[in-house]
Amino acid sequence: MSVGVAEKESREIEIQSPAEVDWHMLDKSRFFILGAALFSGVSSALYPAVVLKTRQQVNVSPIPCKTMAFLMLRQEGPRAFYRGFGTSLMGTIPARALYMTALEITKTNVAKAIVSLGLSDKSASTTANVVAGLTASMAAQLVWTPVDVVSQRLMVQGACTKRGFSRFPTSNYSNGFDAFKKIVSSDGLRGLYRGFGMSTLTYAPSSAVWWGSYSITYRVIWDGIGNNCENGKILMPNNPLCMVGVQGVSAALASGVSALVTMPLDTIKTRLQVLDFEGGGRGTVSQTVRDLVKEGGFAACYRGLGPRWASMSFSAATMVTTYEFLKRLSTKNQ
C-alpha cells in the first residue's frame, strides 16, 4: 500500500461516540439494585457540601464557607456535616429510581419519535435529553420535596443557639421521623411541600438545560477527539478511561452554568422550606425575596454558591459516570 493511500485512509477514519444504552436493553432489577448501592455511596461523599450550602443560604448574615465549616466542626463536631443524612438517603433512593425510570423511558420514546420525523440522530439525541431531563425532574419532585423539607430542617439544627451563627427559627427534632410528625402536626401535609413550586421551577428547567448541554458537550468533545486523531492509532470509544474522562468533563461543564443560573431560585426555595416566619405563617416568595434583598442585596441570593458550584460539578461528573457505568453493567446481554 502506498503512503498516499494510507494517509487518505487515516484522514477518513472517524471517531464515533459510544452507542447509547436504551431502556429496553436494561435488566431492570439489576439496574435499580446496583443503582441504589452506587448512588448511595456517591451521595454520602457529597452530603457535607450540601449541608454547608444549606446553612449559608439560610443564615441571615454572610459567613464564608471555610469559616462556616470551622465553626460547625468546633462547636458541633464532625456529625454536624451529616445531619439529616439518614432521612435524605431513605428518600433519595425512591426519588432517584423514579427519576431514572422517567428519564430513560422519555428519552428512548422521544428520540424514536423525532428520528421518525426525519431529523438527524444528533438533533434527536439533544432534544430527547432536554425533554427527558424536564420530565424526570418534575416527576421526582413529588418525592424529593418532602425529603428536602425534612432533611434541610435537620441540617440547620444545632446552629440555632451557637455563637457565630444567626438564629434559625426552626424547631428541635430528635430524628427524621420526629421532624416529619411535627411538620405535619403544625402545617399539615402542605408543610411537607413547602417550596414545591420553587423546587419545580428550579430543578426542572435546570435538569432540562443540564441534560441538553451535556449531550451537546459530549458530542463536541468526541468530534474534537476524532478531528485530532492521527493515523487511526487512538481508538477512543473502546478506551474505558477515555469514556469516563469525556463523560466527567462534559458533566462538569454542563453543571457549572446550571449552578450559576439557578442559584437565586435555589436560595429562595431553601428558605421557604426551612424558615418559619413571624406570626407562624408560611412565607411567600415575595416576602422571602424582600428579606434577602434587605439582608445583603442581590448578592444574598448567591450565598452558598461556592459549595453548590463545587457540589454540583463534582456530583454531576461522578453521577453521570456512575450512571453510564450502571447502565452498561445492567444490560441484558453483556
Side-chain (Arg303) to main-chain (Pro64) donor-acceptor, under 3.5 angstrom: no
Side-chain heavy atoms of Arg83 within contact of Val51, under 4.5 Å: no
Donor-acceptor pair, side chain of Tyr193 and main chain of Val149, under 3.5 angstrom: no
Heavy-atom check, side chain of Ser125 versus side chain of Lys107, under 4.5 Å: no
Value rounded to 0.5 Å, distance of CZ in Arg55 from OG1 in Thr270: 14.0 Å
Closest non-hydrogen atom pair between Cys301 and Leu292, with its separation: SG-CD1, 4.0 Å
Side chain to side chain contact (heavy atoms under 4.5 Å, CB included), paired with Lys269, selected from Val285, Leu201, Asp148, Thr288: Asp148
Co-membership, hydrophobic cluster, residues Ile105 and Val115, 4.5 Å side-chain: no
Gly133 backbone acceptor or donor facing Ser207 side chain under 3.5 Å: yes
Ser137 side-chain N/O to Leu134 backbone N/O, donor-acceptor pair under 3.5 Å: no
Atom pair OG1 (Thr126) and CD1 (Ile216), whose distance is rounded to the nearest 0.5 Å: 4.5 Å
Separation between CD1 of Ile183 and CG of Leu189, rounded to the nearest 0.5 Å: 11.5 Å
Asp291 bridged to Arg271 by N-O distance under 4.0 Å: no
Main-chain N/O of Ser44 paired with Tyr82 side-chain donor or acceptor, under 3.5 Å: yes
Same cluster (ILVMFWY, side-chain, under 4.5 Å), Val209 and Val130: no
Polar side-chain atom of Ser185 near backbone of Lys181 as donor-acceptor pair, under 3.5 Å: no
Chi angles and distances behind the side chain to side chain contact (heavy atoms under 4.5 Å, CB included) call for Tyr99, Trp144: CA-CA 10 Å; Tyr99 184 94; Trp144 257 325; 3.8 Å; yes
Under 3.5 Å: donor-acceptor pair, side chain of Thr106, backbone of Ala132: no
Leu305 and Gln56: CA distance, side-chain angles, deciding distance, side chain to side chain contact (heavy atoms under 4.5 Å, CB included) verdict: CA-CA 9 Å; Leu305 176 62; Gln56 283 191 295; over 6 Å; no
Passing candidate, side chain to side chain contact (heavy atoms under 4.5 Å, CB included) with Phe81, options Met72, Met155, Glu76: Met72
Student check: side-chain heavy atoms of Phe196 and Leu142 closer than 4.5 Å: yes
Donor-acceptor contact present, side-chain Ser215 to main-chain Trp211, <3.5 Å: no
Minimum heavy-atom distance Thr92-Ser43, with the two atoms named: CG2-OG, 4.4 Å
Sub-4.5 Å side-chain heavy-atom contact between Gln57 and Met263: yes
Electrostatic pair Asp187-Arg190, nearest N-O below 4.0 angstrom: no
Stepwise side chain to side chain contact (heavy atoms under 4.5 Å, CB included) check, Phe177 with Thr87: CA-CA 8 Å; Phe177 184 67; Thr87 300; over 6 Å; no
Heavy-atom side-chain proximity of Val147 to Met90 below 4.5 angstrom: no
Sub-4.5 Å side-chain heavy-atom contact between Leu52 and Cys65: yes
Side chain to side chain contact (heavy atoms under 4.5 Å, CB included) between Leu89 and Ser40, worked out: CA-CA 7 Å; Leu89 185 61; Ser40 296; 3.5 Å; yes
Lys/Arg-Asp/Glu bridge criterion (N-O < 4.0 Å) met for Arg290, Glu295: no
Leu34 CG to Ser29 OG distance, which is reported to the nearest 0.5 Å: 9.0 Å
Close side-chain approach of Phe85 to Leu154, heavy-atom, < 4.5 Å: no
Min side-chain heavy-atom separation Leu192-Phe180 under 4.5 Å: yes
Trp210 with Ile221, same ILVMFWY side-chain cluster at under 4.5 Å: yes
Check: Gln141/Thr200 side-chain N/O donor and acceptor closer than 3.5 Å: no
Atom of Asn129, atom of Gly212 and distance for their closest heavy-atom approach: CB-N, 4.3 Å
Joint cluster assignment, Leu253 & Val246, ILVMFWY side-chain distance < 4.5 Å: yes
Gln247-Thr321 side chain donor-acceptor pair, cut-off 3.5 Å: no
Gap separating the CD1 atom of Ile268 from the OG atom of Ser286, nearest 0.5 angstrom: 10.0 Å
Check: Ser88 side chain, Gly84 main-chain N or O, donor-acceptor pair, under 3.5 Å: no
Distance, nearest 0.5 Å, that separates CZ of Phe31 from CD of Glu104: 5.5 Å
Non-hydrogen atoms of Leu98 and Ala139 that approach each other most closely: CD2-O, 3.2 Å
Val220 reachable from Tyr218 in the ILVMFWY side-chain graph, under 4.5 Å edges: no
